[in-house]
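Each remark here refers to the structure printed beneath this line.
Each residue takes its place number in the sequence, starting with 1. Remember, it's a predicted structure, so these values are computed and weren't measured experimentally.
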Amino acid sequence: MATATKSKTSIDAKQEIEAPLTDKATSAAHDAVDALSSKAAVAENGVRKGASSSAETLNEKQLAAREKLAECSSKTRQLASENPLATAGLAFAAGMLVTALFRRK
């Protein structure tokens, strides 16, 4: 059995020595994968930073929109409480307009 292992090892050694083209191709493939890996890592970092920045900007815009909505809502309620007759007239006119639009089809 020791002979079979010895001859198998010598065959493997001969194949490695006699396959320089395969070794070069393997080395080139490994180099290409390594280069691609480093470029992909840089691209991934850029995408992550961009996504993080976009999320922060979106949160800021959302907060500003909520504040503006609260401000406008407060002003509308104040105006409606100060002028109840005008508010009722506007509501009636808006209802008539919506009804007229739905009846037209």
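Of the possible polar contacts, none joining the Ser74 side chain to the Ala70 backbone as a donor-acceptor pair under 3.5 Å is found.
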With a cut-off of 3.5 Å and sequence neighbours excluded, list every side-chain donor-acceptor pair involving residues 28-37.
none

Pair up each side-chain donor or acceptor in residues 49-69 with any protein partner under 3.5 Å, not counting sequence neighbours, and list the distances.
from: Ser54; atom 1: OG; to: Gly50; atom 2: O; distance (Å): 2.9
from: Thr57; atom 1: OG1; to: Ser53; atom 2: O; distance (Å): 2.9
from: Asn59; atom 1: ND2; to: Ala55; atom 2: O; distance (Å): 3.4

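When all heavy atoms of Leu79 and Thr87 are compared, the closest pair comes out as O-OG1, 4.3 Å.
The structure places CE of Met96 at 11.5 Å from CG of Leu101, a figure rounded to the nearest 0.5 Å.
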